[in-house]
Amino acid sequence: MLTDQEISDRLIEWYALHARILPWRNTKDPYLIWLSEIILQQTSVVQGIPYYERFVNRFPDIHSLANAEEDEVLKLWQGLGYYSRARNLHYSAQHIVEKLKGKFPNCYNKLIKLKGVGPYTAAAIASFAYNENVVVVDGNVKRFISRLFGIYDAIDLPATEKKIRSISQALINKQEPFIFNQALMEFGALQCMPKSPICIKCPFSKICIAFNEQMIPLTAQKSKTIIKKERFFYFALFIDKNNETFIQKRSAKDIWMGLYQLPLIERSQNISDFPMPSAFGVNNDQLVSKHLRSYKHLLTHQIIFAQFVCYETKTKALSSENPGLFKIPLNHIEHYALPRLIDLYLSDLSITLL
DNA sequence: AATTCGGGGCG
DNA sequence: CGCCCAGAATT
């Protein structure tokens, strides 16, 4: 067996040899660390990097972010998913500037009070920016520690996370929590991966309980299989003689909250005929339907069967009795934060429309 | 404790 | 197609 100290040392040793160079690793600025951590929640490093670069470029400090419009923040976030992260990021930036006099919270207990900051993110900022002695427990850590110590409980249960947190906190290097935490996560990400971890070259293979009990394939399992709800969306792209169109903002507590979309009608099941313009609150007898397309859009908890149509008139201007719709020039639509699905239809059409 | 919030990439 | 990703908020 190895002592806690030996495990920690070996981890940090491994990290010195294998650490990736990542854009947020060479800063101690709590704002930049916070930004990177919010982006990386449930997001792969590769997917997050370009978003981080764009955000730092546009919002180099907390004041620039606080001063921005939410619409612009969401536009920059477009495509990353889990849009409440962006709204909470913006909200907390304003909170820090206005209520905390621009002083970034400087310890775990203050950080976790911020909207959008939970146990993982608070620990990450506290240890990376302030070298506070709190362990980070993310998906990587849960997987690695559960294997190393032979914890075979479902990985998504709070009780399991509690166990893992307690074990991990005991391992932490109190002089360098920052390095230790980075090493812990990096090891999970690069060495102790979900599928086919590199046990053959693992510095812990001799003491890894799951490995020695040949339980690796059964580790880090979730408790339940996700049930996906089916939804049926009908979107209409209206285009009139002035090349203007209608969009609407999603405000309900639902997917894509805060984003914009083409006028939508949702049905509880598949319907054979596409809704007429009047069903959208648009009255225009000159509209001709074209560019009918359908997509199957997969989210974590939903399967969206989406159909699109383009209703076009070259002779009349659009008018609507639906207060939720507002008219914009068609070529301005890309200035709005759009769900990936809407963007997909528009890009599929852009060649046709030009 | 269970559910919901996206989207991309991988085997 | 199912799984996972530097999780958190809500119910």
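Below, chain A is the first sequence line, B the second, and so on; all start at residue 1. Since we're looking at a predicted model, the values are computed, not measured.
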So [X], base contact, sugar-phosphate only, or nothing? Heavy-atom distance under 4.0 Å.
{"X": "A:W24", "answer": "base"}
{"X": "A:L22", "answer": "base"}
{"X": "A:V46", "answer": "nothing"}
{"X": "A:S36", "answer": "nothing"}

My understanding is that only residues two or more places apart in sequence, or in another chain, count here; which of them pass ring-ring contact (aromatic ring centres under 6.0 Å, His included) with [X]?
{"X": "A:Y52", "result": "A:W24"}
{"X": "A:F128", "result": "A:F178"}
{"X": "A:F305", "result": "A:F232"}

N/O donor-acceptor pairs under 3.5 Å from side chains in residues 334-344 of chain A, not counting sequence neighbours:
none

### Message
Tell me which pairs pass salt bridge (charged side-chain N to carboxylate O under 4.0 Å, His left out) where either residue lies in residues 14-33 of chain A, with sequence neighbours left out.
### Response
A:R20-A:E186, A:R25-A:E186
### Query
If we take the C1' atom in both C:dA6 and B:dG11, what is their distance in whole Å?
23 Å
### Task
Take atom P in C:dT11 and the same atom in B:dG6, then report the distance between them in whole Å.
15 Å
### Task
May I ask you to list the residues of residues 136-161 of chain A, by number, that have any heavy atom positioned under 4.0 Å from an atom of DNA chain B?
A:L157, A:P158
#### Entry: Near-strand residues of residues 163-190 of chain A, defined as heavy-atom separation under 4.0 angstrom from DNA chain B
none
[X] [atom1] to [N] [atom2], straight-line distance once rounded to whole Å:
{"X": "A:I21", "N": "C:dA6", "atom1": "CD1", "atom2": "C1'", "value": "18 Å"}
{"X": "A:D254", "N": "C:dT10", "atom1": "CG", "atom2": "C1'", "value": "14 Å"}
{"X": "A:I227", "N": "C:dG2", "atom1": "CD1", "atom2": "P", "value": "13 Å"}
{"X": "A:K229", "N": "B:dG6", "atom1": "NZ", "atom2": "P", "value": "13 Å"}
{"X": "A:I304", "N": "B:dC5", "atom1": "CD1", "atom2": "P", "value": "9 Å"}
{"X": "A:K224", "N": "B:dT4", "atom1": "NZ", "atom2": "P", "value": "10 Å"}
{"X": "A:R85", "N": "C:dA8", "atom1": "CZ", "atom2": "C1'", "value": "10 Å"}

### Any pair counted as ring pair (Phe, Tyr, Trp, His ring centres under 6.0 Å), so long as it reaches residues 266-290 of chain A, sequence neighbours left out
A:Y234-A:F274, A:F238-A:F280
### Query
Counting only N and O atoms by type, is there a donor-acceptor contact under 3.5 Å from the side chain of A:T245 to the main-chain atoms of A:L330?
no
### Query
With no hydrogens and no angle check, is any side-chain donor or acceptor of A:R54 less than 3.5 Å from a backbone partner on A:L76?
no
## Note on the structure
Residues pairing under side chain to side chain donor-acceptor pair (under 3.5 Å) where one sits in residues 109-128 of chain A, two or more places apart or in two chains, turn out to be A:E37-A:Y120, A:Q41-A:T121, A:N106-A:K110, A:S127-A:N181
### Query
The side chain of A:Q302 lies closest to which of these nucleotides: B:dC5, B:dT3, C:dC4?
B:dC5
### Query
Other hydrophobic cluster members with A:L157, side-chain heavy atoms of Ile/Leu/Val/Met/Phe/Trp/Tyr under 4.5 Å, chained?
none
Could you tabulate the donor-acceptor pairs under 3.5 Å formed by side-chain atoms of residues 286-296 of chain A, not counting sequence neighbours?
| residue | atom | partner | partner atom | Å |
| --- | --- | --- | --- | --- |
| A:K290 | NZ | A:E312 | OE1 | 2.9 |
| A:Y295 | OH | A:D348 | OD2 | 2.7 |

What protein N or O atoms touch nucleotides 7-11 of chain B N or O atoms at under 3.5 angstrom, if any, and at what distances?
| residue | atom | partner | partner atom | Å |
| --- | --- | --- | --- | --- |
| B:dG7 | OP1 | A:Y83 | OH | 3.2 |
| B:dG7 | OP1 | A:W256 | NE1 | 3.4 |
| B:dG7 | OP1 | A:R340 | N | 3.2 |
| B:dG7 | OP2 | A:W256 | NE1 | 3.2 |
| B:dG7 | OP2 | A:H297 | NE2 | 2.9 |
| B:dG8 | OP1 | A:R340 | NE | 2.4 |

